[in-house]
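Working notes, beginning with the structure itself.
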Amino acid sequence: MSAVTHPTPSLPELRHTAAHVLAYAVQELFPDAKPTIGPAIENGFYYDFDRAQPFTPEDLERLEARMREIVAADHPMLGRQVSRDEALAFFADNPYKVEIASEIPQGEPITLYSIGAFTDLCRGGHADSTGALGAVKLTSVAGAYWRGDERNPMLQRIYGTAWHTQAELDAYLAHLEEAAKRDHRKLGAELDLFSLEEEAGGGLIFWHPKGAIVREIVERFIREGLRERGYQPVVTPHLMSEKLYATSGHLENYADSMFGPLEVEEQRFRLKPMNCPGHILIYAGRPRSYRELPIRFSEFGTVYRFERSGVLHGLTRVRGFTQDDAHLFCTPEQLQGEFEQTLDEALRLMQAFAFTGFEYALSTRKADERTQTDPTAEAAIRRALESHGLAYVVDEGGGAFYGPKLDINVRDAIGRRWQLGTVQVDFVLPERFGLKYRGSDGADHRPVMIHRALAGSMERFFGILIEHFGGAFPAWLAPVQAVVVPISEHQLEYAREVAQRLGRNAMRIEIDETNEKLGYKIRHWKQQRVPYVLVVGKQEASDGTVNVNQRGVETKRTVPIEQFFDELSAAVEQRL
RNA sequence: GCCGUUGUAGCUCAGUGGUAGAGCACGUCCUUGGUAAGGACGAGGCCAUGGGUUCAAUCCCCAUCAACGGCUCCA
């Protein structure tokens, strides 16, 4: 260990330095590998190498060992500025570095940084010395295209994580483990919530009874809010003429994400990738007056989007999904108010499901696609956010093809970020479909549309809920809210009576009729994360009580059946 | 789609160039047990699919499919 004290580098500096150390180790152990780019990322770093041979897990171990030696040697990080010619000459045998060096604008300094015998082209932002690296671990290898473009050569990417101290690294690894335990794909199978079926094809979800009931509860909750806020439910077809999507612009702008045409009687049909065109047809089906605006059509609309096989992932990235979709048609004057109302709805949803850390991201349209209405649409979003006192970040060019959008992000129970809903302002589709309404002045006017989905997709939302709660759904959502467990078969009849008395008001109660010992049954239901296990033995049967073993609560209590019913009802009522 | 890894019982995984094993889950029986695994027995596999190599392939080779980790994209 070095006796010299270093100023503590920031985590990005530390991780950037770790990337250099990795490249140094690779240069030594695999001299044929050409280093390309190696930035710090969230939680760690990566470095891409051009090498014919992929790195194996054993290679990673060797590299990690070598990296520790480089850290222990405490090489100072030495930077120097060079001329462009010098840089090009230095990296003559590395076309990637040459490409980067050539692209550095005139007037900007070109810098090389060295540790020990390794020198890299780099703009800086490091620790002073490799000794500053507290704890480093290489995590995985993966293919990655040069500059993320699939037309470019595939490089070998090595991922790693780096922290100030071993304790921080351990905490991070523990966090990964916790996340793995909550993985919705794992819990989905263990709790019998949903599945994907090889025979059916990738990215298509089968909701099992215990998953479907959760979905139904979520839908019911959302529908309540929609009804209160004046939305009208509509239902539109899954399959519609391709002409419709030519009009909407989907064929032009969204075809890559759509399933191909189905031809029937010389007419081409498409599976719907979005619900908006269908809702627009309903709006446009008859003349509209300003007196009926705003019109709010809502639909749990199932859409199909083509996703390349390699990107599918559990419930969060699928090919068929149902959006809690709605389209609002309003006058330009109503836009602001309607947009703000959707923000309130979003807040209600996120709070009901115990999410925290709401963040808002405004995505503007790509510069080359911007229309004259975009500034108006963006301004409406900004004003709505500002009037609610909500901070937001801006993603330039991330908008939909018909307008800018606002994405709503939340933090889950273990601090991870998820994107939930999206609200979009649209002047384009009303134009393309020639939508109008008769104004108070007797003339026709163009309505503005708001597209909004707050849970986003029911599939993805369910996946996020599973991970957020770690499968331990609160009583109002739990597929099985309580299980009655008789101590022996002699109490079976009483158990059935208890279940029957509790099963009112659509309470979801099961009875454990298995021929197992009490401990076994308790363990089973705890593993199934049922909120309440109700043990009934001789004592309870003669007293008309249940012994309540509540999830997450150490102490047990014996209460009359009716008292437990009231307690459960209250929990459901308060969405606990 | 591309790079890499993987594919053996419902699940988690052993294993071998001579057509297979464990634990859990499941079934039957014994047991009637007071708060996180009682016992016995049993059933269950085209070893992902299709080709090759071989006297012989679950194992070696090739292709396909799927899953997983990434790249890219997004609800």
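Reminder, nothing fancy here: chain letters follow the sequence lines and each chain counts from 1.
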If you measure from the P atom in B:G27 to the same atom in B:G44, how many Å do you get, rounded? 16 Å
Whole angstroms only, please: what is the NZ-P distance between A:Lys517 and B:G34? 8 Å
Could one point to a donor on the side chain of A:Asn547 or the base of B:U35 with an acceptor on the other under 3.5 Å away? yes
C1' atom, B:C46 versus B:C55: distance in rounded Å? 22 Å
Counting the atoms with a prime plus P, OP1 and OP2 as sugar-phosphate, which does A:Gly310 contact under 4.0 Å by heavy atoms, base, sugar-phosphate, or nothing? base
Do A:Glu307 and B:A75 have a side chain to base donor-acceptor pair shorter than 3.5 Å? yes
Choose from B:G69, B:U32, B:A75 the nucleotide whose nearest atom is closest to any side-chain atom of A:Ser140. B:G69
Does A:Arg157 make a side-chain N or O approach to OP1 or OP2 of B:C3 shorter than 4.0 Å? no
Which value, in whole Å, describes the distance between the P atoms of nucleotides B:G7 and B:C59? 12 Å
Can A:Glu150 and A:Arg308 be counted as an ion pair, charged N to O under 4.0 angstrom? yes
B:U31 and B:G45: how far apart are their P atoms, nearest whole angstrom? 32 Å
Could you check which nucleotide pairs with B:A75 in any of the strands shown, counting Watson-Crick or G-U wobble with both distances under 3.5 Å? none
Over how many whole Å does the gap from A:Glu554 atom CD to B:A36 atom P extend? 9 Å
Considering only heavy side-chain atoms of A:Val318, the closest of B:G69, B:A75, B:A36 is B:A75
Would you kindly check if the NZ (Lys) or CZ (Arg) of A:Arg411 is within the cone defined by 45 degrees around the ring axis of A:Trp418 and under 6.0 Å from the six-membered ring centre? no
Suppose we call two aromatic rings close when their centres sit under 6.0 Å apart. Are A:Tyr47 and A:Phe49 close by that rule? yes
A:Lys538, nearest nucleotide to its side chain (from B:U35, B:G34, B:A75): B:G34
For the side chain of A:Tyr520, counting heavy atoms from C-beta on, which of B:A25, B:A75, B:U35 is nearest? B:A25
Please tell me if A:His313 has a side-chain N or O lying less than 4.0 Å from either OP1 or OP2 of B:A67. no
Rounded distance in Å between the C1' positions of B:C47 and B:U16: 11 Å
Does A:Arg496 make a cation-pi contact with A:Tyr494, if we ask for NZ or CZ under 6.0 Å from the ring centre and within 45° of the axis? no
Short side-chain N/O contact to B:A75 OP1/OP2 from A:Lys405, under 4.0 Å: yes
Counting just side-chain N and O atoms, does A:Arg308 come under 4.0 Å of either OP1 or OP2 of B:C3? no
Cut-off 3.5 Å, side chains only: do A:Thr558 and A:Asn547 have a donor facing an acceptor? yes
Please figure out whether A:His490 or A:Ser457 has its closest RNA chain B nucleotide nearer the 5' end. A:His490
Spacing between A:Arg523 atom CZ and B:G38 atom C1', to the nearest angstrom: 14 Å
Heavy-atom nearest nucleotide on RNA chain B for A:Gln419 versus A:Ser309: which residue maps closer to 5'? A:Ser309
Expressed in whole Å, how much space separates the P atoms belonging to B:G38 and B:A67? 38 Å
Please report, rounded to the nearest Å, how far the P atom of B:A25 is from the CG atom of A:Asn515. 14 Å
Who does B:A14 pair with, Watson-Crick or G-U, both distances under 3.5 Å? none
Rounding to the closest angstrom, what is the interatomic distance between B:U58 and B:G18 at atom C1'? 12 Å
Counting the atoms with a prime plus P, OP1 and OP2 as sugar-phosphate, which does A:Leu312 contact under 4.0 Å by heavy atoms, base, sugar-phosphate, or nothing? sugar-phosphate
A:Arg15 charged N/C atom sitting above A:Trp163 aromatic ring, 6.0 Å / 45°: yes
Is it possible for you to check whether A:Arg270 lies under 6.0 Å from the centre of the six-membered ring of A:Tyr245, through NZ or CZ, and within 45° of that ring's axis? no
Is there a donor and acceptor pair, one atom on the side chain of A:Gln53 and one on the base of B:G4, closer than 3.5 Å? no
